[in-house]
Each structure stands twice: as structure tokens, then as C-alpha cells.
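Protein chains get the first letters and strands the later ones, always in sequence-line order, with residue 1 at the start of each.
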2 protein chains.
Amino acid sequence: MSTRGLEVTRDIREGIAEGRYPGGFRLNEAEMAARLGVSRTPVRNALSVLAAEGLLDYTPNAGYTVHRFTVEDIEEIFRVRIELESLAARLAAENGLDPAQDAAMRESLERTAELVGRSCWNTRIREAFLPLNRSFHAAVREAARNAFLVAMIHKTNEVPLFDLIRWRRFDAELLRQSLDEHRELFDALSRRQPERAARIQAEHTYRAGRRMVQNWSRTEAAGGM
Amino acid sequence: MSTRGLEVTRDIREGIAEGRYPGGFRLNEAEMAARLGVSRTPVRNALSVLAAEGLLDYTPNAGYTVHRFTVEDIEEIFRVRIELESLAARLAAENGLDPAQDAAMRESLERTAELVGRSCWNTRIREAFLPLNRSFHAAVREAARNAFLVAMIHKTNEVPLFDLIRWRRFDAELLRQSLDEHRELFDALSRRQPERAARIQAEHTYRAGRRMVQNWSRTEAAGGM
DNA sequence: CACGTCCTTATTGGATGCAATCTGCGGCTA
DNA sequence: TAGCCGCAGATTGCATCCAATAAGGACGTG
């Protein structure tokens with residue numbers, strides 16, 4: 001991989017994450033190369049890297065297919081994720097928040113509160129909420145000050161369509177509940193209460209996993225992915 | 001990668017794990033290719049995969065060097081590992097042991113007990129103990145029945161020289177203590193006591209991390225790795 | 001008509017050639 | 001003498017070529 005090779009890897013990874021290449025889809029080297037306007041070499045590199053990450057299935061001399069995640073995979077991943085995210089919250093509470101992290105979390109909370117106050121409800125609310133949600137949790141993980149932990153959490157979030165499916169059902173009630181939980185977690189972090197922070201985060205991630213599994217089953221049943 | 005490419009990847013990974021390519025060592029494509037008797041292509045594939053795994057550092061147009069792990073890295077990794085291993089123990093206790101796992105753990109315990117009983121003490125004791133230790137913990141992880149969790153734990157164990165450094169200081173006292181802890185963990189698993197099993201495993205891994213950090217500092221100070 | 005074998009074809013695996021980029025050194029200049 | 005420019009060597013990045021393997025179909029036979 002190189003300047004161009006890194007781009008190719010990123011392109012394919014995003015294509016998988018966004019569902020453009022669904023589970024079971026066969027990725028042909030020559031075809032991908034033609035589509036991306038490069039030769040087979042950088043494509044091959046990208047495919048082997050993504051296969052090593054587990055995003056693709058590889059059989060020698062037969063090629064690469066997008067890994068088809070099952071609901072059991074999702075349950076396993078979230079069981080691990082609960083531990084990792086709650087560890088991050090515990091460490092963040094132990095370390096305390098630096099001013100930048102505190103500011104980022106406060107802003108996320110405020111702007112989410114604005115969304116809750118909106119009278120008209122439409123899908124743009126969800127699109128506004130997702131980045132706020134991400135930045136809030138990113139601040140928590142950053143405050144944990146453990147780069148390896150952050151990398152591991154990131155690996156639990158590389159499943160295709162994770163964010164989309166997880167927030168597929170989205171209504172005013174869910175948004176309000178999420179805000180409440182974030183506020184409680186922020187309070188625990190500010191007060192430097194590691195155990196409480198870990199517990200809140202664990203429950204938060206647990207509920208996220210439950211929603212994920214339900215929506216995932218529905219998506220699979222609809223023949224999609 | 002292919003039939004040969006997979007071999008090349010494995011060779012280089014083992015070379016790093018065994019310390020043949022120490023931290024900071026520069027891996028030259030052409031040189032590696034000549035040494036392994038293949039062309040640059042499979043070597044390039046192997047290097048990019050290992051770089052994606054974090055075992056190598058990569059700078060475009062400048063090549064690959066073996067990642068130099070610091071004692072801070074080790075501390076971060078073990079902080080995560082404690083959670084993952086104790087989760088595995090908890091899940092194993094919830095699931096219970098199947099006959100094969102039960103047998104594997106019993107055999108590991110018995111043969112370790114034999115080692116403890118040995119009167120003559122030499123380095124061969126350590127070499128006999130390491131596989132027994134590995135198989136015991138492998139049985140625990142298998143009983144957790146969570147493939148994703150096992151893969152994540154494996155990633156926390158890919159640091160070069162991990163096993164060697166971790167067990168560098170090894171004496172009769174340490175062996176006896178390890179056996180006691182394993183017996184206690186096995187008891188908790190047999191009795192289906194998830195919380196107790198998780199606690200024992202967490203403390204076990206915590207102590208392993210402490211030894212690891214101490215030995216690692218000494219190794220670094222000695223200029224090695 | 002069914003099954004096995006052989007062959008064709010498409011695709012991957014590996015090797016090599018060439019261009020682009022970086023590094024190190026020597027010389028030049030202020 | 002210190003700093004900068006430029007050139008030469010080495011190394012990586014990408015493209016292309018050829019061999020090897022697997023899949024699918026056609027054909028022949030029981």
C-alpha cells in the first residue's frame with residue numbers, strides 16, 4: 001500500500017461499511033481495479049488487509065467475499081463491547097476530564113438537548129444526533145487515555161452498517177432517553193465516580209446491543225444487508 | 001497472499017514474535033524476499049498485513065520497521081486484557097465446562113502438579129510448564145463460547161517476546177502459586193460461579209501484567225528487544 | 001437419462017520492469 | 001565554517017506479464 005493504496009483500502013472499507021458491498025458479495029480484483037481506476041496490485045493489498053481484519057472472507061485461489069455477519073456475531077461482539085466501553089468509562093472517571101473533553105461533552109449534551117426541544121420531528125433529527133452521539137462517546141474514550149483500548153473498541157465498531165442499523169428505529173422517546181443517560185454518565189465522570197460511570201456505560205452499551213440485535217434480525221429477515 | 005504468501009506472513013510474524021527482528025528493526029522488501037526465496041510480491045503483502053495489525057510501523061515510501069513497544073504500551077494492553085480474560089472466565093462459568101474442556105483442564109493441572117513435585121529445578125521445568133499453562137487458559141477461553149472475544153484476547157498476546165519475557169523470572173514459588181490459582185479458577189468454573197471465576201481470573205491476569213512490566217523494563221534497560 | 005471425465009475459461013498468485021520518491025553526500029556559496 | 005542546493009543511489013509503489021489453480025460446461029459412456 002502507498003499513497004494510492006491507502007486510498008483504495010479506505011474506499012473498499014467504506015464501501016463495505018455503507019452497505020454498497022453487502023454480506024456475501026464477491027469482490028473481484030480486476031473489476032475493483034477497473035472501477036477504482038488503478039491496477040490490481042493496490043487492490044490486492046487492500047483485500048488481503050481487509051481479510052486479515054476479518055471484514056472479508058478469503059479462500060486461496062478463489063477470491064474474497066464480504067463477511068456475512070450473523071445475529072450471533074453481533075451478540076458476541078456486543079458482549080465484548082460492553083466490557084471495553086465500561087472500562088473506558090471507568091478509566092475516564094479515574095483520570096478525570098481535561099478542559100477540552102469537558103467542553104466537547106457539554107456541547108454535545110447542549111446540542112442534543114436542543115434537538116429534544118424541537119417540535120417538528122423528521123429524519124434530519126437523527127442525522128443531526130448521530131455526530132453528537134459519536135463525539136460524546138469519543139470524548140469518553142479519549143479521557144480513558146488508553147490508545148490500545150480505543151483501538152480495540154474501534155474494532156468492535158467496524159461491522160457494516162452498524163450505526164445505521166443501530167439507530168434505525170429512532171423516535172423522540174429514544175432520543176430523550178439517550179440524552180438522560182449521557183447526562184448521568186457525564187455527571188459520574190465529572191464527580192470522578194469510576195464504578196458508577198462503568199455501570200452506567202455498561203447498561204448504555206447493553207441497551208444499544210439489544211436494539212442492534214432487534215434491528216439486525218429485522219434487516220436480515222427483509223433479505224437485506 | 002496465497003499458499004506461499006500465507007507462509008511468508010507466518011514466517012515474518014514468528015520472526016518478530018521470537019525476537020529475531022527486534023523493535024525498530026527495518027524490514028527491507030528485497031532483502032526479505034531474497035532471504036525467504038520468493039519475490040517481493042508476497043513479502044509486500046505480508047508486510048502490509050502485519051502493519052495493519054500494528055506489529056509493524058509503516059511510513060509511505062520509506063518502508064516498514066518493527067514496532068517498538070514501550071512499557072506504557074504493555075500497561076495499556078494488560079489493562080484491557082484483564083477485562084477480556086475475566087469476561088472469558090465469567091462466560092465459561094455461566095456456560096459450564098463440556099467434557100473435553102474439563103478433561104483438558106484436569107490434565108493441565110495434574111501435569112503441573114507433577115512439575116511442582118520435581119526435586120531438581122532447571123530451565124526445562126519452565127519449558128514444560130508453558131504449554132500446560134497455555135492449554136489451561138485456552139480451555140477457559142474456549143468454554144466462553146465467544147469467538148470474537150477469543151480473537152480479541154489473541155490480539156493482546158501478539159506482542160513480541162510476550163511469553164518469554166513474562167516468564168523470564170521463574171522459580172518454584174511462582175510455579176506453585178500459579179498452580180494454586182489455576183486450581184481455584186477451575187473450582188470456580190466447575191461450581192458455575194461466574195463472579196468468583198471472573199475475580200480470580202482478573203487477579204491472575206493482573207499479577208501476570210505486573211511481572212510482565214517488571215521484566216520488560218529490565219529487558220529494555222539491558223538494551224534488548 | 002445419469003454420472004463421471006476432460007477441457008475450456010476465468011481468476012488468482014507470483015515475478016519482474018519501470019516510474020516516483022526519499023535519503024545521503026558532495027560541492028557551492030554567503 | 002555553516003548552511004543550502006543538487007545529484008546519485010537505493011528503495012518503495014504501481015503496472016503488467018506469465019503460470020497455476022479452481023469452477024463450470026460439454027461430451028462421452030454406462
Side-chain angles (χ1 to χ4, degrees), chain A residues 1-17 19-69 158 160 225, chain B residues 1-17 19-69 160:
Chain A
M1 304 187 313
S2 77
T3 57
R4 207 63 195 277
L6 291 175
E7 282 180 34
V8 172
T9 307
R10 193 168 44 77
D11 278 2
I12 298 178
R13 177 183 279 118
E14 287 179 1
I16 297 171
R20 247 177 308 143
Y21 309 124
F25 188 83
R26 176 130 195 282
L27 293 179
N28 183 300
E29 289 183 4
E31 192 179 333
M32 296 298 296
R35 180 180 315 205
L36 297 173
V38 294
S39 90
R40 281 176 51 210
T41 306
V43 173
R44 290 193 43 188
N45 256 306
L47 293 180
S48 51
V49 167
L50 296 174
E53 286 182 18
L55 228 54
L56 301 178
D57 294 327
Y58 167 70
T59 48
N61 293 316
Y64 299 84
T65 57
V66 177
H67 181 77
R68 200 188 291 272
F69 286 90
E158 278 195 342
M225 211 359 273
Chain B
M1 304 188 309
S2 77
T3 57
R4 207 60 195 277
L6 290 175
E7 281 181 34
V8 172
T9 306
R10 194 169 43 78
D11 278 1
I12 299 179
R13 177 182 277 119
E14 286 179 1
I16 297 171
R20 247 179 306 143
Y21 308 124
F25 189 83
R26 175 130 195 282
L27 293 179
N28 183 298
E29 288 182 6
E31 193 179 333
M32 296 298 296
R35 180 180 314 203
L36 297 173
V38 295
S39 88
R40 283 175 50 208
T41 306
V43 173
R44 283 180 54 90
N45 255 307
L47 294 180
S48 50
V49 167
L50 295 174
E53 284 182 18
L55 229 53
L56 301 178
D57 295 326
Y58 167 69
T59 47
N61 293 314
Y64 299 83
T65 57
V66 178
H67 182 77
R68 199 188 291 273
F69 286 91

Distance check: side-chain N/O of [X] vs OP1/OP2 of [N], anything under 4.0 Å?
{"X": "B/Arg26", "N": "D/dT12", "result": "yes"}
{"X": "B/Thr41", "N": "C/dG14", "result": "no"}
{"X": "B/Asn61", "N": "D/dT11", "result": "no"}

Of the listed nucleotides (D/dT11, D/dA15, C/dG17), which one gets closest to any side-chain atom of A/Pro42?
D/dA15

Please report the distance, rounded to the nearest Å, between [atom1] in [X] and [atom2] in [N].
{"X": "B/Arg4", "N": "D/dA19", "atom1": "CZ", "atom2": "C1'", "result": "15 Å"}
{"X": "A/Asn28", "N": "D/dA22", "atom1": "CG", "atom2": "P", "result": "18 Å"}
{"X": "B/Arg40", "N": "C/dC18", "atom1": "CZ", "atom2": "P", "result": "14 Å"}
{"X": "B/Met32", "N": "D/dA10", "atom1": "CE", "atom2": "P", "result": "20 Å"}
{"X": "A/Leu27", "N": "C/dT12", "atom1": "CG", "atom2": "P", "result": "10 Å"}
{"X": "A/Asn45", "N": "C/dG14", "atom1": "CG", "atom2": "P", "result": "12 Å"}
{"X": "B/Tyr58", "N": "C/dT21", "atom1": "OH", "atom2": "P", "result": "13 Å"}
{"X": "A/Leu56", "N": "C/dT12", "atom1": "CG", "atom2": "C1'", "result": "15 Å"}

Only counting residues at least two apart or in another chain, list the ones meeting side chain to side chain donor-acceptor pair (under 3.5 Å) with B/Glu29.
B/Arg40, B/Arg44

Less than 3.5 Å between a donor and an acceptor, one on the side chain of A/Arg44 and one on the base of C/dG14, is that the case here?
yes

CG (A/Leu36) and CD1 (A/Ile12) are apart, to the nearest 0.5 Å, by 6.0 Å

Taking 4.0 angstrom as the limit, do B/Arg4 and B/Glu7 come out as a salt bridge?
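Result for this pair is yes, salt bridge flagged.
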
With nearest nucleotides of DNA chain D determined for B/Ala30 and A/Val38 from heavy-atom distances, which residue corresponds to the more 5′ nucleotide?
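It is B/Ala30 whose nearest nucleotide is closer to the 5' end.
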
Let me see the working for A/Val43 and A/Leu27 under side chain to side chain contact (heavy atoms under 4.5 Å, CB included), right down to the final yes or no.
CA-CA 10 Å; A/Val43 173; A/Leu27 293 179; over 6 Å; no

Answer yes or no: is there a side-chain heavy-atom contact under 4.5 Å between B/Met32 and B/Tyr21?
yes

